[in-house]
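Atom set for the values below is all heavy atoms of this structure, side chains included, hydrogens, waters and symmetry mates excluded.
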Amino acid sequence: MIKASICTIGDEILIGQTVDTNSSNISRALNGIGVKVGRMVSIADSHDDIMGTLDAELGRNDIVIVTGGLGPTKDDITKKALYDLSGATSYKTDESQLEIIHHILSSRGLDLLEINLAQASVPNTCDVITNRLGTAPVMVFRFPESRYGHKATLYSLPGVPYEAIGAMEDVLGDIRQNYRSGDIYHKNIMTFGLAESALSELIEPWENSLPEHVSLAYLPDPVNGVKLRLTSYLGDRNTQEAEIAGLTASLREILGDYIYSEEEDSLAACVGRLLERAGKTVSCAESCTGGTIASLFTSVPGSSAYFLGSVTSYANSVKTGVLGVPEEILDEHGAVSSETVAAMAEGVRRITGSDYAVSTSGIAGPGGGSAEKPVGTVWVGVASRSGVETFTVRYSSDRKRNIERFSAFTLNKLRIRLLNELSL
């Protein structure tokens, strides 16, 4: 397996002024050709830091990809650090890049300055991949096995994301020519209803039995549950797919309905497919979630086939005046109660004529809680022609996270109801 490290250079990244999108984009590109990224490192604009860090990364990895520090200004010092690291003795002018520089500046009506010309000058120890989108070329430094105990290659790319990603096709081509990489195969399994720790405990024997060349990652998300990602680093694609399919089947026997999809998927999209497959419709009556569930439904293309509408009944007057919740229920049980969400769900189903309806009423915080109903409490209703069910749960996060979790909890309860009633 070919191992790689991605290094970004620039104080602007370390102080949080610039968000590093290069690393994630480059990592995906490398993964696609079977190169495993094991490290991502950010380095300050310091000659010694750049040299020391890159030297260490080359010792650990077959490939190091660097972005940043190649501009025309004095604070861009990557080229000088690479000159020293590679043992260069002089600079050479790359004529292809010089031609690009002339074209870019003239097309913008800018004068050609010495600092622009200097960008076409590179250490005599590197090969050059022409940057057709900018002025700084991609420099390729190839280190022999005698230097690090293995063949190592460093690719120095511009830091501008548009240019860095634009150069990756040529970089990937160079890697393919010089390295023999295998396939990397990923399989995503979407789960909901178990916290990450509980999920890990439940599948621990299965996880412990995984082959050494297969890894498992837990990727929790408040809206879509815990994504399990299986990755195989050995064999060709057909062999990997067959092996992962067998492992997934055995995992399905353990988790059952906790698995809602075996693709990169959202909970809302999954519920929508169930409704569409059965030819059923849904509506929402939302209080504490403030329209979030409706937004999740309508974010899915084609949701008009099954989503009819929503009432955001934040005020009690809307609960009674629009949804028809009896005032005596609110007086006796309060807005955050089983009785209220049951009436809300039945009310919005009656108004819209939907087959199914969901409702929410809770305390998202930070205020409004009590000893009986603390912040993080929500009641959820799920109604259909066969009746209405209510559920409650308590979370302890901040307001935004509570609203996300309330909404996801509601969608999952609807999913389970659909599975049970429609035999899907």
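Side-chain atoms of Arg237 come within 3.5 Å of backbone atoms of Ile184 as a donor-acceptor pair (strictly under, hydrogens ignored). A distance-only check finds no donor-acceptor pair linking the side chain of Thr53 to the backbone of Ile50 [under 3.5 Å]. Looking at Thr340, its side chain never comes within 3.5 Å of a backbone N or O of Val336 through a donor-acceptor pair. At distances below 3.5 Å, at least one donor-acceptor pair connects side-chain atoms of Thr78 with backbone N or O atoms of Gly68. Put simply, the side chain of Glu57 never gets that close to the backbone of Cys7: no donor and acceptor are under 3.5 Å apart. Between the Tyr155 side chain and the Ile129 main chain, no donor and acceptor come within less than 3.5 Å of each other.
Side-chain contact check for Arg405 and Asn402: no donor-acceptor pair (N or O, by modelled atom type) lies under 3.5 Å. Looking only at atom types and distance, the side chain of Arg415 has a donor-acceptor partner in the side chain of Asn412 under 3.5 Å away. Counted by atom type alone, Thr67 and Thr8 present zero donor-acceptor pairs between their side chains at under 3.5 Å. Inspection of the Ser384 and Arg417 side chains reveals an N or O donor paired with an N or O acceptor under 3.5 Å. Judged purely by distance below 3.5 Å, without hydrogens or angles, the side chains of Trp206 and Ser250 pair a donor atom with an acceptor atom.
Atom CD in Glu243 sits 3.5 Å away from atom NE2 in His213 (nearest 0.5 Å). We find the CG-CG distance between Leu210 and Leu247 to be 6.0 Å, quoted to the nearest 0.5 Å. Distance CD1/Ile15 to OG/Ser42: 12.5 Å, rounded to 0.5 Å. Atom CH2 of residue Trp379 and atom OG of residue Ser337 lie 8.0 Å apart, to the nearest 0.5 angstrom. In this structure, Lys151 NZ and Ser146 OG are separated by 13.0 Å, a value rounded to the nearest 0.5 Å.
When Asp49, Val41, Val66 are each tested for a side chain to side chain contact (heavy atoms under 4.5 Å, CB included) with Leu54, only one passes: Val66.
The shortest heavy-atom contact between Cys126 and Phe141 is CB-CE2, 3.5 Å. Summarising the geometry of Ser27 relative to Ile6, their closest heavy-atom pair is N-CD1, 3.6 Å, with the distance given to 0.1 Å.
Scanning for side-chain hydrogen bond (donor to acceptor under 3.5 Å, both in side chains) contacts around Tyr306 gives an empty result, with sequence neighbours left out. Residues forming a side chain to side chain contact (heavy atoms under 4.5 Å, CB included) with Lys400 (at least two apart in sequence, or on another chain): Asp398, Glu404.
Under the 4.5 Å side-chain criterion, counting only non-hydrogen atoms from C-beta, Ile175 is in contact with Val171. You'll find the side chain of Val341 stays beyond 4.5 Å of the side chain of Val380, heavy atoms only. Here the side chains of Thr392 and Thr377 are in contact, with some heavy-atom distance below 4.5 Å. Counting heavy atoms from C-beta on, the side chains of Leu58 and Leu154 come closer than 4.5 Å. Using a 4.5 Å heavy-atom cutoff, the side chains of Lys280 and Val282 are not in contact. Between Met139 and Lys79 the shortest side-chain heavy-atom distance falls below 4.5 Å. Within the 4.5 Å cutoff, side-chain heavy atoms of Leu255 are placed close to those of Leu228. Proximity of Tyr260 to Val271: side-chain heavy atoms (C-beta onward) are nowhere separated by under 4.5 Å.
Salt-bridge annotation for Arg385 and Asp355: present, with a side-chain N of the basic residue lying under 4.0 Å from a carboxylate O of the acidic one. Using a cutoff of 4.0 Å between basic side-chain nitrogens and carboxylate oxygens, Asp221 and Lys227 are not scored as salt-bridged. Under the 4.0 Å criterion applied to side-chain N and carboxylate O atoms, Glu389 and Lys413 are not assigned as salt-bridge partners. Note on Asp55 versus Arg147: salt bridge recorded, some NZ/NE/NH1/NH2 to OD/OE distance being below 4.0 Å.
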Problem - Verdict with reasoning, Arg273 to Glu276, per salt bridge (charged side-chain N to carboxylate O under 4.0 Å, His left out) - result: CA-CA 5 Å; Arg273 282 196 302 274; Glu276 191 168 14; over 6 Å; no

Exercise for the section: I would like to know whether Thr248 and Glu262 meet side-chain hydrogen bond (donor to acceptor under 3.5 Å, both in side chains); could you show each step before the answer? Expected result: CA-CA 9 Å; Thr248 302; Glu262 295 180 17; 5.3 Å; no

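Ring pair Tyr395/Phe406 is tilted by interplanar angle, where 30° to 60° counts as tilted.
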Can you give each donor-acceptor pair under 3.5 Å made by side-chain atoms of residues 284-291, sequence neighbours left out, with the distance rounded to 0.1 Å?
residue: Glu286; atom: OE1; partner: Thr289; partner atom: OG1; Å: 2.6
residue: Glu286; atom: OE1; partner: Gly291; partner atom: N; Å: 3.2
residue: Glu286; atom: OE1; partner: Thr292; partner atom: N; Å: 3.0
residue: Glu286; atom: OE1; partner: Ile293; partner atom: N; Å: 3.0
residue: Glu286; atom: OE2; partner: Ile293; partner atom: N; Å: 3.4
residue: Glu286; atom: OE2; partner: Ala294; partner atom: N; Å: 3.0
residue: Ser287; atom: OG; partner: Lys319; partner atom: NZ; Å: 3.1
residue: Thr289; atom: OG1; partner: Thr360; partner atom: OG1; Å: 2.8

